[in-house]
Amino acid sequence: MRKFYDFNVQFNRMGAYYIQTVFDDYVIGKVIRIFDPHDHLLHHFAKENRTQIIEDNKMLTQATAARSLNNIVLSVIIGMLYVVVGIKGLAGAISIGAVIAYVGYLQQVIGALTTMMDTIGTSASILKGLDQFIDFIEYPDAPAKGRLPIEKRLDNNYEIEVDDVSYRYPGTQEWALRHVTLQFKVGQRLALIGPNGSGKTTLIKLLTRLAEPTEGRILLNGIDIQKYDIHEYQQIFAVVFQDYRLFAFSVADNVAVNTHKDPARIQRALTLAGMWDKVDKMPKKTETSLTKNIDPAGVDISGGEAQKIAIARAWYKDAPFIILDEPTAALDPVSEYEIYQKFDDLMEKKTAIYVSHRMSSTRFSQRIVVLDHDQIVEDGTHAALMQAQGLYYRLFEAQAQYYTADKIKAERKNADAAYAID
Ligand code: ADP
Ligand code: MG
């Protein structure tokens with residue numbers, strides 16, 4: 001039975017993934033319809049399911065056989081004891097009364113033995129499963145160990161220092177960040193630039209204590225951030241995550257997220273994010289639910305519109321630090337331009353980190369930090385980095401070239417020539 005439980009952990013995990021995610025989430029439905037017309041996923045799942053049932057049956061049969069053997073041995077011993085008592089009774093060594101008494105004792109002892117064997121067997125297999133559960137419950141919540149309260153400062157005078165930080169994701173060998181050192185002061189606007197996979201999002205996770213540095217430390221006003229109470233610490237950040245998610249609740253709930261809902265501020269947040277006109281036209285305005293997951297009268301919005309609501313949510317939180325991780329990735333050029341126009345109002349006097357691989361976004365930042373392959377390779381103003389002609393310069397030139405009107409016109413001409421219709 002222990003083998004049985006061990007074996008089924010992985011299979012149940014897989015089954016749950018197929019049933020609750022792959023075959024259930026309507027977002028995946030699009031991929032399945034377009035890319036899997038012959039139901040390969042379904043067949044694969046059915047095949048795995050059959051393998052599991054066959055293996056399970058084998059193990060259950062083995063377990064039953066072991067239990068039967070146990071019972072047979074026990075019955076033989078009992079039989080032999082009866083024979084001994086019977087012979088002694090017949091031979092007159094013990095009285096008939098004693099035979100009856102012995103038989104009664106034997107029955108009680110045997111009953112107790114059988115129950116004991118069964119209990120030991122069952123608990124050995126069940127405890128194994130319980131062990132995993134207890135390990136899980138007792139899994140240390142490392143980030144939550146700090147107790148220090150955060151100093152509430154009206155002047156928002158917070159300073160962050162990243163001190164020789166390295167980070168490796170659990171279970172991986174590669175460093176996602178290596179020896180990163182960085183300081184920034186209140187009110188500074190920092191652009192974090194770098195190619196895909198260079199560690200930008202990882203750095204944001206470390207700053208917001210969604211992960212703990214493997215080596216080195218991060219200081220807030222001179223104190224290691226791990227020492228602060230995690231819930232208080234995370235309150236000084238508002239973040240638009242690269243993989244942000246909205247709830248199937250109302251627009252207002254999505255913007256205010258369980259805090260006091262101030263209609264005027266919600267309107268202002270949605271206006272700054274360029275989403276107010278759209279929300280104003282929704283059937284119940286800010287009380288309209290997003291998606292039909294819960295509310296049949298809910299509305300579905302596009303990816304870019306969802307991202308705008310995520311931006312509104314970050315502004316609404318009014319935290320001293322605002323972090324935007326590729327916040328305009330899903331926006332069309334006009335929407336992105338409009339957000340940039342309102343950038344000063346969005347950021348206000350906050351300390352802001354703007355993560356992007358779009359070079360045009362650096363225009364709002366006095367300071368640009370360039371990450372490449374887990375390290376900071378450049379740090380300075382736009383002018384200084386352009387002069388240095390390093391990675392920043394190359395990225396900037398590559399994108400500028402890609403976007404110049406002349407280049408687009410020339411390519412257009414080539415394409416027209418290539419596909420010319422006689
Ligand atoms: P960026 O935001 O700059 O595109 P990330 O910080 O997301 O890059 O990722 C940096 C590197 O860390 C990636 O190359 C990836 O290999 C690794 N990584 C990111 N997320 C995880 C994760 N959850 N588990 C393991 N490795 C990860
Ligand atoms: Mg990223």
Side-chain angles (χ1 to χ4, degrees), residues 10 13 17 21 136 139-144 160 162-182 184 189-218 225 230 234 237-246 303-304 306-311 313-314 321-331 336 339-340 351-362 364-365 367-380 385 390-396 398-399 402:
Q10 178 58 21
R13 184 179 290 152
Y17 174 67
T21 308
F136 175 69
Y139 196 81
D141 190 2
I160 286 209
V162 179
D163 179 17
D164 198 18
V165 161
S166 298
Y167 184 72
R168 203 156 46 189
Y169 281 94
T172 62
Q173 297 301 318
E174 304 260 307
W175 292 99
L177 285 176
R178 196 76 184 120
H179 299 306
V180 169
T181 294
L182 183 67
F184 48 93
R189 280 191 202 162
L190 192 87
L192 201 55
I193 300 285
N196 294 132
S198 53
K200 304 181 297 291
T201 300
T202 306
L203 185 57
I204 303 307
K205 287 188 207 162
L206 295 180
L207 281 175
T208 51
R209 277 180 73 187
L210 295 170
E212 192 177 348
T214 314
E215 287 170 15
R217 30 184 222 152
I218 301 174
I225 57 170
I230 186 158
Q234 287 174 336
F237 293 97
V239 192
V240 176
F241 288 105
Q242 187 169 16
D243 54 356
Y244 66 91
R245 286 285 180 279
L246 297 183
Q307 195 159 30
K308 290 179 184 175
I309 293 183
I311 294 174
R313 171 159 79 191
F321 287 87
I322 182 160
I323 301 179
L324 305 157
D325 191 353
E326 313 263 9
T328 58
L331 299 193
E336 185 173 24
I339 292 265
Y340 287 172
T351 309
I353 304 179
Y354 195 99
V355 182
S356 181
H357 55 250
R358 291 197 202 175
M359 310 310 286
S360 55
S361 66
T362 60
F364 310 103
S365 315
R367 181 171 166 204
I368 297 154
V369 171
V370 186
L371 271 173
D372 190 24
H373 295 305
D374 69 33
Q375 278 172 356
I376 293 181
V377 290
E378 289 177 50
D379 185 347
L385 296 187
L391 178 63
Y392 179 79
Y393 171 82
R394 289 203 304 280
L395 288 171
F396 197 91
Q399 285 192 8
Y402 186 56

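When a ligand or atom number is given, it counts from 1 through the structure's own listing order. None of the values given here were measured: they were computed from a predicted structure.
Shown in contact with Asn196 at under 4.0 Å from a heavy atom are these atoms of ligand 1, numbered in order with element: 4 (O).
Evaluated by nearest non-hydrogen atom to atom 10 (C) of ligand 1, the leading choice among Gly197, Pro195, Pro170 is Gly197.
The protein non-hydrogen atom at the shortest distance from atom 6 (O) of ligand 1 is Thr202 OG1, 2.5 Å. Given atom 19 (C) of ligand 1, the protein heavy atom at minimum distance is Tyr169 CE1, 3.4 Å. Ranking the protein heavy atoms by distance from atom 2 (O) of ligand 1 puts Thr201 OG1, 2.7 Å first.
Here Thr202 does not reach the Mg ion (ligand 2): none of its N/O/S atoms is less than 2.8 Å from the metal. In summary, an N, O or S atom of Thr201 is located under 2.8 Å from the Mg ion (ligand 2).
Separating the CZ atom in Phe321 from the OG1 atom in Thr351 is a distance of 4.5 Å, to the nearest 0.5 Å. In this structure, the separation between CG on Leu324 and CD1 on Ile204 is 9.5 Å, given to the nearest 0.5 Å.
Ligand 1 has Gly199 within reach: a non-hydrogen atom of the residue lies less than 4.0 Å from it.
Remark: side-chain polar atoms of Tyr244 are paired, donor with acceptor, to backbone N or O of Gln307 under 3.5 angstrom. Although no hydrogens or angles enter the test, the distance criterion places a donor-acceptor pair under 3.5 Å between the side chain of Lys200 and the main chain of Pro195.
Taking 4.0 Å as the cut-off between side-chain N and carboxylate O, Glu215 and Arg178 count as a salt-bridged pair.
When Val239, Val240, Leu190 are each tested for a side-chain contact (heavy atoms from CB on, under 4.5 Å) with Ile323, only one passes: Val239.
By the 30° and 60° cut-offs, the orientation of the rings of Phe396 relative to Tyr392 is tilted.
Atom 27 (C) of ligand 1 is flagged as protein-proximal [any protein heavy atom, distance under 4.0 Å]. There is no protein heavy atom closer than 4.0 angstrom to atom 16 (O) of ligand 1.
Every residue two or more places apart in sequence or in another chain that forms a side-chain contact (heavy atoms from CB on, under 4.5 Å) with Ile218 is listed here: Ile160, Val162, Val165, Leu206, Leu207, Pro213, Ile225.
Between Ser198 and ligand 1, at least one N/O pair is under 3.5 Å apart. Ligand 1 has no nitrogen or oxygen under 3.5 angstrom from a nitrogen or oxygen of Ala176. Ligand 1 has an N or O atom lying under 3.5 Å from an N or O atom of Lys200, backbone or side chain.
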| Evaluation steps, side chain to side chain contact (heavy atoms under 4.5 Å, CB included), between Val369 and Phe184 | CA-CA 11 Å; Val369 171; Phe184 48 93; over 6 Å; no

